[in-house]
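Heads up, the thing below is written out as structure tokens.
Just so it is clear: chains get the letters A, B, ... in the order the sequence lines come, proteins before strands, and each one is counted from 1.
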Amino acid sequence: MGGYDHKKIEKKWQKQWQKDALYKTLDTAKGKDNFHLLVEFPYPSGNLHVGHWYAFAVPDILARALRMQGKNVLYPIGFDAFGLPAENAAIKNKLNPLTWTLSNIEYMKKQIRSMGTSFDWSREVVTCDPAYYKWTQWLFLQFFKAGLVYRKETAVNWCPKDKTVLANEQVVDGKCERCEAEVVQKQMLQWNIKITDYADRLISDLEPLDWPKEIKESQKNWIGRSEGAEIDFPLNIDTNVKRFVMIHGKGEQASSRGVFWPWLKAELEKRGYIVEAPDLPNAAEPDDEEQADYVLKHCTLNEQTAIIGHSFGGIVALRLLERGAKVQRVTLVATPFSGKFLDGEKRPTVVAATRKGFNFEKIKKNCHGFVTLYDTNDYVVPISDGEAFAKHLGCLLIQKKSQKSHFTDLKEPNVLRASVPTITVFTTRADTLFGGTYLVLAPEHEKVSSLKHQVSNKDEVEKYIDAAKKKTELERLAEQKEKTGVELKGVKAINPATGKEIPVYVADYVLGHYGTGAIMAVPAHDERDYEFAKKYGIVIKETLEPLILVTKGGDAAKKGQPFIDRNSILTVVKHWSEDKYLAVRYLPTDVRGCVSGGIEQNEDVVGAGKREIREETGYMHAKFVRKLGGTIHSKYFSDNYQKNLLVHFTPLLFQLEDDALGGIDPHEASRHTVTWMTAKEMGAFINREDMRIAWQRANGNFFYDGDGIVINSGTFDGMTVHEAENAMGQTFGRKKVTYKLRDWIVSRQRYWGVPIPIIHCPKCGTVAVADKDLPVELPEVKDYLPEGSGKSPLAKAKKWVAVKCPQCKGRAERETDTLDTFVDSSWYFLRYTDPKNKKKFADAKKMGKWMPVDLYSGGAEHTTMHLLYSRFWHKALFDLGLVKDAEPYKRRMNRSIILGPDGQKMSKSHGNVVDPDEVVERLGADTVRMYLAFVGPYNEVSSFPWNPDGVVGVRRFLERVCRAQDMVGKAENTALVNLLHKTIKKVGEDINAMKFNTAISSLMIFLNALEKEKKIGKSQWERFLKLLAPFAPHMAEELWGLGEHKRSVHKEPWPIYDEALLKDESVTIAVQINGKMRGTVEVAAGTDKTALETAAREAVVARLEGKKISRTIVVPGRLVNFVVEE
RNA sequence: GCCGGGAUGGCGGAAUUGGUAGACGCGCACGACUCAAAAUCGUGUAUCGCAAGAUGUGAGAGUUCGAGUCUCUCUCCCGGCACCA
């Protein structure tokens, strides 16, 4: 085969390169700049597919070319070795995941070597190596110590049959992948990392990065920042509450009886309540029994009473309930209870004043409504455990912990909110507040359970919530269109803007984890709310009207000129029998849309509509159907009136009764054309915004997201949307930024991962493992099935779990969860810079040599997860002073994907998987590399089918290169000089732009020319070989070696082109007439304009005969265009 | 629905960034070599037309001497997100 024995050549040189350590990369190379070319390290699945080749062998071209061009290139590789597949394989085959993984790595290494890639294997990183994960643990602990890590109850996928937590990818159609049991949601404590703290920086730092726009956009989208406002809606469950009894604490002048108490009293009285605030006896050394007696005697306690007990006053309040005082509600503010106290153990300070425990059964029974607990954790000494107490009493905890001091906090409306309960919503459209006609809570919203005593249709609500919980993702998705919900009957909220009572619903179209888990619904201006309101018959109130700056049919409004108001109508007119509409085109202005016109004096809108239809179209009998929403306001400069107009259009829908014509105004008729159009045609025809809105409303779309003016909103009327959003947001709520991004849950209840280096101590809580005890190595366990309680299989290693607390040396237990593998891959590139370091995760100086990564090449599937996590990780390290850049990757590119020969994604089920080993065996690694580089541009996200014939084409090219060796002679072939220099330039530029396909194309062009010439000078040939070397490293080396060189071609410098030799002697000039190609003319390079024009004129002289040339455009070196009159 | 990307011969793709559309490769056709086939080499290959010529970069409009490239409208395809208030 053309004397090209790829097997021999490739084996020979791969061995030789390894022997010579050709690609060992030093941290510095004299006179060379460092370049870090990073590719995503593979998961050791055990077999290399075409995708791996595409991911590693193609960037290798760039790595090799950059080295020849004088860069010190780090092109490292490793393995992302932890993760589920190993564990599953282990369970299935009763193997150790480590054994499975290591043998896979061995095999894949061999395969990767067969590509002829120039990876520096001496820097290999394997994430399951304790020498690596020691540092994963160490870094995690730095975050832990910095307060970036916390534990939180989070819903996980739980298989009730296997009794195990499932990863999302193990849930198939809402069922367990292994046993097909229904997966349920279960709350479990999970380790989280506060990535949301970095949300803003993760967005703003994208700006200067040299990344493709689409990746930046996806990340922004994923983070999902929305600016809006939080607004409190008071609940009107208090319709029964007429009076408040305020029981103060133990003599705090500054709080209950000082500043705060009078304020709260005044606020409640403002709301129309009767307030009693008795001055209790022995306030300095209180006795709860005694004080309870006093309140019972002096105050009115009945079912219309609510109690607010502050501090020790809370204990008194509970004592009252125990004594049988039946009240509507109780609010406990900063009441000093603790979990231990509930167990009967007495605490010092205030609590000591109580003489005996409580009968909580009685308390619960006598509190007619519910108990609200407002807890501040920093009260004098931390004696209050609100969470435990709330749970015990089944009451609502308003606020667990305040960041501020106890006293300042009490001055804020928080307590008022706890006493007069509210629902807080998040909205980005505060301007529509007056149109908020109901509230919706997510089924998991805390108020739903805390309000259950107030709700008269409790059973119905509970049924709905249960159903919602059971709904799998799939069902929720399928039902997307149909919105469901239940009203909380007996509970009303008050719209703070209108002061009106509005209903409260529970519906699963509101998400519990976004915003506050509650929304104010504005059916008039939100599609989803509209749908829901229609279904449940809720009031729809419009508060916005579109305000448009019209650009068609006159200039945009002239600045500084006043607007003249005009009242007009816009009509959508239906055909009398067909499903068509009247389309009107106004002639001088090319306004296309519908019949419109002014309302005359003593005329109503319907009358005006009928008249305009008659005058403009001639149709006599139009029947009024309905109004199409509120007024549409258009601003523009009118050519007719030479004035700025502010037109208030009333949009109307008419239907013709018959085809009777007549009465058309002859003057009007000359100013527009009238046609009938289908709905689809109409959509494309209308070219003016106000008419489009009327048209859309006729088709049921009332939701306009452009600018508008506010109506029906009291003092805010007339403001623009933007103004109103600010004004209402500030008046009724507070500014708030919300993100779609959620904190990163890093714990996995799995065996095959990095053990989380935390120890749980009953006394000290969660404690970090000491640095000297790292790494916490994975223990051996008998089998890798989960333990059954939801804990990871690590929990089975009892000896391993039992450990001393590093702080108090008492008995403690290890955390048994392992880390998400995205943690491992968030810093692997740092380890490449210093892979063997035993003292640090990487030396700062060494990182300085190679960070940030110059180019990161990878798959589009990592755009939002890996790329975002590792950027966050790097920023957190940056803040801790552990790295010196805030961003890890200077430049990122997403590669395309290689499809099967049938154009479908390669998969076993399609039977279209191409085995690269087989193709390499048959055609050689150089062919495969080069083919993959040739299929299309590498730096764009696209997909290319593997074309078996195309591969053969590349193989043919290489064979021809082999044969061309015979054409090499001593003498330089002058005919090839110009092309060679052009090729050097083009190949160099294209490689650097990662357009390998066109680089290869120009190599082919050169070979074609060479074959025509049949001879080439030795130095010319060698320069060609250097250009070929990055693409076909083995063959280039072989042919280079034949030329008896001692040094590898890959160590050679990149050839240089001579600008002077790039120039052609003559150029072909295009000759056009009126921009159409009419011929070409060959002229010497550098011919001046006049000579060029003359030559061009001659070339098309026959065509120019009898025509007058009005203009000639001459572009030197390109074309001559004669503009003639037809 | 929203965000992003795209649409060029039979196929993968080029096009100096507004200046000869279809480079290069595949496929196909014909020819050479061969008893023959494969391989190889040569020639041709956007469409219609015998030709002169006309048409042609998803569709329609626009800007321009000139548009695959710029602007607007629309259609379709791919990717991501998806009841995000």
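At B/rA39, none of the side-chain N or O atoms of A/Arg963 fall inside 4.0 Å of OP1 or OP2 (strictly under the cut-off). The side chain of A/Arg688 places no N or O atom within less than 4.0 Å of a non-bridging phosphate oxygen (OP1 or OP2) of B/rU73. For B/rG25, one of the phosphate oxygens OP1 or OP2 lies less than 4.0 angstrom from a side-chain nitrogen or oxygen of A/Asn1008. The side chain of A/Arg1111 places an N or O atom within less than 4.0 Å of a non-bridging phosphate oxygen (OP1 or OP2) of B/rC65. Contact annotation: A/Tyr509 side-chain N/O to B/rA85 OP1/OP2 distance is not under 4.0 Å. Contact annotation: A/Arg1078 side-chain N/O to B/rC65 OP1/OP2 distance is not under 4.0 Å. Taking side-chain N and O atoms only, A/Ser226 has a distance below 4.0 Å to OP1 or OP2 of B/rA85.
With its glycosidic angle within 90° of 0, B/rU17 adopts the syn conformation. With its glycosidic angle within 90° of 0, B/rG9 adopts the syn conformation.
With B/rA14, B/rU40, B/rC3 as the candidates, the nucleotide lying closest to the side chain of A/Asn997 is B/rA14. Closest to the side chain of A/Thr427, out of B/rG19, B/rA85, B/rA23, is B/rA85. When distances run from any side-chain atom of A/Asp949 to the nucleotides B/rG27, B/rA85, B/rG53, the shortest one goes to B/rG27. Side-chain proximity of A/Arg956 to the nucleotides B/rC24, B/rG53, B/rG27 is greatest for B/rG27. Listed nucleotides: B/rG13, B/rU20, B/rG19. Nearest to the side chain of A/Phe944: B/rG13. With B/rG12, B/rG5, B/rC26 as the choices, the nucleotide that has an atom nearest any side-chain atom of A/Phe934 turns out to be B/rG12. Side-chain proximity of A/Lys1012 to B/rC81, B/rU43, B/rA85: nearest is B/rU43. In the set B/rG13, B/rC3, B/rC41, B/rC41 carries the atom at the smallest distance from any side-chain atom of A/Arg960. The side chain of A/Ala1070 lies closest to B/rU20, out of B/rC83, B/rU20, B/rA14. Closest to the side chain of A/Leu1119, from the set B/rG19, B/rA54, B/rC81, is B/rG19.
Evaluation of atom-type donor-acceptor distances gives a pair under 3.5 Å for the side chain of A/Asn1121 against the base of B/rC65. With hydrogens and angles left out, the side chain of A/Lys483 and the base of B/rC83 share a donor-acceptor pair within 3.5 Å.
Classification of A/Lys1089 and A/Glu1093 as a salt-bridged pair fails, no side-chain N sitting under 4.0 Å from a carboxylate O. Using a 4.0 Å cut-off between charged nitrogen and carboxylate oxygen, A/Asp1064 and A/Lys982 count as a salt-bridge pair. A salt bridge does not link A/Lys1015 to A/Asp966: none of the charged nitrogens lies less than 4.0 Å from a carboxylate oxygen. The residues A/Glu959 and A/Arg955 are annotated as salt-bridged, a charged nitrogen and a carboxylate oxygen being separated by less than 4.0 angstrom. In this structure, A/Glu227 pairs ionically with A/Arg225, as a charged nitrogen and a carboxylate oxygen lie closer than 4.0 Å. Here A/Arg963 does not pair with A/Glu1011 in a salt bridge; the nearest charged N to carboxylate O distance is not below 4.0 Å.
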For nucleotides 16-18 of chain B, tabulate all protein N/O to nucleotide N/O atom pairs closer than 3.5 Å, reporting atom names and distance.
unit_1	atom_1	unit_2	atom_2	d
B/rU16	O2	A/Arg1118	NH2	2.4
B/rU16	N3	A/Arg1118	NH1	3.2
B/rU16	N3	A/Arg1118	NH2	2.8

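The residue A/Glu214 sits close only to the backbone: its heavy atoms come under 4.0 Å of sugar-phosphate atoms, none of a base. Within 4.0 Å of A/Thr1112, counting heavy atoms only, lies no atom of the nucleic acid at all. In this structure, A/Val935 reaches the sugar-phosphate backbone alone: every heavy-atom distance under 4.0 Å involves primed, P, OP1 or OP2 atoms, never a base. Residue A/Gly224 is out of contact with every strand shown, counting any heavy-atom pair closer than 4.0 Å.
Here A/Gln1072 contributes atom CD and A/Leu1119 contributes atom CG; the two are 5.0 Å apart, rounded to the nearest 0.5 Å. A distance of 7.0 Å separates CD of A/Glu725 from NE2 of A/His722, quoted to the nearest 0.5 Å.
In this structure, the ring of A/Trp744 has its center no less than 6.0 angstrom from the ring center of A/Phe822. In this structure, the ring of A/Tyr938 has its center less than 6.0 angstrom from the ring center of A/Tyr54. Checked against a 6.0 Å centroid threshold, the rings of A/Tyr509 and A/Phe532 count as neighbours.
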Which dot-bracket string fits RNA chain B when only Watson-Crick or G-U wobble pairs with both atom distances under 3.5 Å count, crossing pairs get [ ], and | stands for a partner on a different strand? (((((((..(((......[....)))((((((.......))))))(((....)))..(((((..]....))))))))))))....

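Between the side chains of A/Thr424 and A/Glu230, no donor-acceptor pair is found at a separation under 3.5 Å.
Between the C1' atom of B/rG4 and the CH2 atom of A/Trp211 lies a distance of 16 Å, rounded to the nearest Å. The interatomic distance linking A/Lys213 (NZ) with B/rG4 (P) rounds to 6 Å, in whole Å.
Using C1' as the reference atom, B/rA29 and B/rC72 are 45 Å apart when rounded to the nearest Å.
Nearest-nucleotide mapping onto RNA chain B: of A/Asp529 and A/Lys1076, the residue sitting toward the 5' end is A/Lys1076.
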